[in-house]
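No experiment lies behind these values; they were computed from the predicted model shown. Just so we're on the same page: letters track the sequence lines, and every chain starts at 1.
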Protein chains: 2
Amino acid sequence: MKVRQILDQAGFFEGISRESKDALARVCMPIERPKHTTLFREAEPGEAMFLLARGRISLHKLSPEGREVVIKVIQPGEVFAEVILFEKKYYPVTAVSLTEILAFKLLRRDLKHLLREEDFRNDFIAMLLRKQRYLTDKIQQLTSQDVEQRLRAFLLEQYGEREQIQVEINKKQLASAIGATPETLSRLLQDLNRRKCLTWKQGVIKTSPDFWLDG
Amino acid sequence: MKVRQILDQAGFFEGISRESKDALARVCMPIERPKHTTLFREAEPGEAMFLLARGRISLHKLSPEGREVVIKVIQPGEVFAEVILFEKKYYPVTAVSLTEILAFKLLRRDLKHLLREEDFRNDFIAMLLRKQRYLTDKIQQLTSQDVEQRLRAFLLEQYGEREQIQVEINKKQLASAIGATPETLSRLLQDLNRRKCLTWKQGVIKTSPDFWLDG
DNA sequence: GCATAAAATTGACGCGGATCAAGAAAAGCA
DNA sequence: TGCTTTTCTTGATCCGCGTCAATTTTATGC
């Protein structure tokens, strides 16, 4: 079946047994959406978590003053909204597709069933712990790094240390993802350009080795 | 046995069965330490997680420049260093007791065994998700709130909205916990004093209702 | 008890980045 | 294709908070 193939490619739960993976493929529902689609909103009730197969999704919260704070940009192969499954009935963040996406939806009762299997359970818990570690690192970054360092960390995390990067999100979104305003990002890019570290033209970023060094 | 009683009082894994709790009590080792003791350091290898029964523990990371960034202050009833159990062999943070503490140490293999029990597993996963939600909120706070709001959020989280609070940590530590310098906190407290919102004398904070309102 | 260290306060100063406003460029749409 | 809307850029200004340095206060040890 098609779902099963995509699961294989996407690298969800790599360590799990064939049986668990088949079971997973049986219960999850494919979801395709164009860009700028809201999958769910903060404080909305729900009972499904998602696996992202293709595209990128932004998870953000709204501050009391109405600022949009990006918590994480989800990449293919990652799981999101898993918090809904045990702890609370309400989504803690808003999820919006930044690009066209393909995701899988997984219901609470189905997941609970899958967790009986030790391999699956271990993979699931390991995934949660990985995310915890990510959030921990992010807190450290936000309190001790400037915008340039945060940009570097973001690009590294999302695309790796590459010379050319196809960015499928716009500058406003990227600014938000690194906890800055579009104006600040614009000025930073201008500066990096002058220093011959990084250029950004028509959705393509080109970096020089210098960019990855200093910091 | 004594360990079992403390486990009951501390409220670890409230939903779990009598059998699971007995099993937990059997495998965990009590640890008592004076204040300012380092339990483990960032990047140090280890294979145990902890349950805190009494006292407070600060989890922090060191930034490349040597700044100490507090990730979370652990309270009685909370679990920490659980990341070590599945994902990596190295502690991602440093843990230092802020007060005298009583904690329980739980080894990897024992925990994996306990996770076979559904009740225990659900409680454990729920705990992980609670922490994830906490970290998510913290990121939002750090990027969108000023120091005064962060102080309020910290006191609320740690002690609730009370008129009188016994603070068992010093101002330097508190400053660090809310992502600020001692100087900034000092000035903030002075200002709150002038506005008759909050006083801090000899480890006792007194707040007026005003303090909890504005923000 | 004094001596030394650590914690807390206070002032002066500067910088990173937010905010506001206005214009240029690009994208969406009829 | 022209019109509208959003995104991006650029400049001017402002402010929160960090940094540095100098005291003062409190804690700690002999």
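Heavy atoms of A:Q190 sit under 4.0 angstrom from primed sugar atoms or phosphate atoms, though from no base atom.
Taking the charged nitrogens against the carboxylate oxygens, A:E183 and A:R187 have no contact shorter than 4.0 Å, which rules out a salt bridge. A salt bridge links A:D8 with A:K21; the closest basic N to acidic carboxylate O contact falls under 4.0 Å. Salt bridge absent: A:R133 and A:D137 never bring a charged side-chain N and a carboxylate O closer than 4.0 Å.
Minimum atom distance to the side chain of A:K172 is reached by D:dT7, of the listed D:dT7, D:dC17, D:dG11. If you check D:dG16, D:dT19, D:dC8 against the side chain of B:D146, the one that comes closest is D:dG16.
Distance B:E68 CD to D:dG18 C1': 17 Å, rounded to the nearest Å. One atom, CD of B:E183, and another, P of D:dG16, lie 17 Å apart when rounded to the nearest Å. One atom, CH2 of B:W200, and another, C1' of D:dT25, lie 16 Å apart when rounded to the nearest Å. Remark: P of D:dT9 and CG of A:N193 are 10 Å apart, rounded to the nearest angstrom. For A:L188 and D:dC8, the CG to P distance is 15 Å, given to the nearest whole Å. Separating the CD atom of A:Q173 from the C1' atom of D:dT6 is a distance of 12 Å, rounded to the nearest angstrom. Counting to the nearest Å, the P atom of D:dC17 and the CG atom of B:L142 are 12 Å from each other. Look at NE2 on A:H36: it is 8 Å from P on D:dT7, rounded to the nearest Å.
A:E82 and A:L128 get closest at one heavy-atom pair: CG-CD2, 3.5 Å. Across all their heavy atoms, A:L188 and A:V147 have their closest contact at CD2-CG1, 3.8 Å. Between A:P92 and A:E42, the shortest heavy-atom distance links the atoms O-CG, 3.4 Å. The heavy-atom pair separating A:Q132 from B:V83 by the smallest distance is NE2-CG2, 3.5 Å. Of all the heavy atoms in B:K196 and B:S208, the pair that sits closest is O-OG, 3.3 Å.
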Please tabulate, for side-chain N and O atoms in residues 73-80 of chain A, each donor-acceptor pair with protein atoms closer than 3.5 Å (sequence neighbours left out).
unit_1 : atom_1 : unit_2 : atom_2 : d
A:Q75  : OE1    : A:R56  : NH2    : 3.2
A:Q75  : NE2    : A:E157 : O      : 3.3
A:E78  : OE1    : A:Q75  : N      : 2.9
A:E78  : OE2    : A:K72  : NZ     : 3.1

Once Watson-Crick and G-U wobble pairs under 3.5 Å are found, how is DNA chain C written in dot-bracket notation, 5' to 3', with | for any base paired to another strand?
.|||||||||||||||||||||.||||||.

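Side-chain N/O atoms of A:S186 include one lying less than 4.0 angstrom from OP1 or OP2 on D:dT9.
For B:R187 against D:dG18, no side-chain N or O and base N or O form a donor-acceptor pair under 3.5 Å.
Note that the first and last nucleotides of DNA chain C, 5' to 3', having any atom under 4.0 angstrom from a heavy atom of chain B are C:dA7 to C:dA12.
Annotation: of the two residues near DNA chain D, B:R150 and A:T184, the 5′-most nearest-nucleotide partner is A:T184.
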